[in-house]
Amino acid sequence: MCCFLYRNCVTLGKVDDTIAAEKLVATETNGTLIGQIDYPFVDAAAKQVVLERVFVNPAYRGQGIAGKLMAAFVDYADQAGLTVKLMCPYAKMSFQKHPEYRRLLAPEEQN
C-alpha cells in the first residue's frame, strides 16, 4: 500500500511524491513513476486550475493509486485556496463520487 505525503519530496517507505509546479507526482524511491496529476493554472490571480489529467503507470493500476492521488490533490487544493475546473474524465467521476470535493469547483463547474 502506498502512503502519500505531498510536501517537498517527502519519502515514506517506498513512495516519493511531491506537488511541483502545477503537478502532483508520485514516484518510487528509485525514480519509477507511479502516477501523476497535471493541473495548470488557467487564472493564477484567481488561483484557478484545470485538472487536466490523472495518470497511473499501468504497472500500478488496480491498487487505488488514482484515488489516493485525487485525495492528495484535493487536500492540497483546499489548503492552497484553489478553485478547480475539470477536464479529465477520471477527475469528473471522482468529483461526482465524492460530493465533499465539490466545494473546490469553480462556479461554472457547479451545475
Side-chain angles (χ1 to χ4, degrees):
M1 182 65 74
C2 297
C3 297
F4 289 92
L5 297 177
Y6 41 90
R7 294 283 179 247
N8 300 327
C9 294
V10 175
T11 301
L12 180 63
K14 72 175 201 164
V15 177
D16 222 5
D17 86 317
T18 180
I19 291 186
E22 303 177 354
K23 65 175 70 175
L24 182 148
V25 179
T27 61
E28 291 277 9
T29 54
N30 68 6
T32 302
L33 178 67
I34 295 172
Q36 177 172 319
I37 291 182
D38 297 320
Y39 58 96
F41 278 91
V42 291
D43 185 343
K47 296 177 106 178
Q48 187 172 81
V49 298
V50 60
L51 207 160
E52 285 185 339
R53 178 177 87 134
V54 177
F55 170 79
V56 175
N57 181 328
Y60 294 90
R61 291 183 183 161
Q63 300 177 46
I65 303 291
K68 288 180 169 84
L69 286 168
M70 282 297 302
F73 169 78
V74 166
D75 286 346
Y76 169 74
D78 194 30
Q79 290 175 15
L82 302 178
T83 58
V84 180
K85 295 178 96 174
L86 302 173
M87 180 186 286
C88 170
Y90 179 85
K92 288 178 181 179
M93 183 217 45
S94 186
F95 271 71
Q96 287 174 351
K97 184 177 177 183
H98 296 278
E100 67 275 17
Y101 292 177
R102 296 186 61 77
R103 70 187 182 283
L104 299 174
L105 290 175
E108 62 271 19
E109 296 279 318
Q110 295 189 15
N111 45 343

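Keep in mind that this is a model prediction, so the values were computed, not measured. We count residues from 1, following the sequence as given.
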Q. Hey, what do you get for CD1 (I34) to OH (Y60), rounding to the nearest 0.5 Å?
A.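 If I round to the nearest 0.5 Å, the distance is 5.0 Å.
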Q) To the nearest 0.5 Å, how far apart are CE in M70 and CG in L24? A)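 Rounded to the nearest 0.5 Å, the CE-CG separation comes to 10.5 Å.
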Q. Is there a donor-acceptor contact under 3.5 Å from the side chain of Q36 to the main chain of K23?
A.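 Side chain of Q36 to backbone of K23, a donor-acceptor pair under 3.5 Å: no, none is there.
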Q. Taking all non-hydrogen atoms of both residues, which atom of G81 and which atom of K47 are closest, and how far apart?
A.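 Scanning both residues completely, I find the closest heavy atoms to be O-CB, 3.8 Å.
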Donor-acceptor pairs are to be reported for all side-chain atoms of residues 82-91 against protein atoms at under 3.5 Å, with residues two or more places apart or in another chain.
unit_1, atom_1, unit_2, atom_2, d
K85, NZ, E108, OE2, 3.4
Y90, OH, G67, N, 3.3

Q. Under a 4.5 Å side-chain heavy-atom rule over Ile, Leu, Val, Met, Phe, Trp and Tyr, are I37 and V42 clustered together?
A.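 Each belongs to a different hydrophobic cluster.
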Which pairs of donor and acceptor atoms, one on a side chain in residues 50-59, lie under 3.5 Å apart (sequence neighbours left out)?
unit_1, atom_1, unit_2, atom_2, d
R53, NE, D38, OD2, 2.9
R53, NH2, D38, OD2, 3.4
N57, OD1, A59, N, 3.0
N57, ND2, L33, O, 2.9

Q: Evaluate the ring planes of F95 and Y101, with Trp represented by its six-membered ring, and classify them as parallel (under 30°), tilted (30 to 60°) or perpendicular (over 60°).
A: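 Rings of F95 and Y101: perpendicular, as their planes differ by over 60°.
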Q: Please identify each residue that fulfils salt bridge (Lys or Arg N to Asp or Glu O under 4.0 Å) with R103, with sequence neighbours left out.
A: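 R103 satisfies salt bridge (Lys or Arg N to Asp or Glu O under 4.0 Å) with D78 only.
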Q) Who passes side-chain hydrogen bond (donor to acceptor under 3.5 Å, both in side chains) against E100, sequence neighbours left out? A)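 With neighbours one apart ignored, the set is H98.
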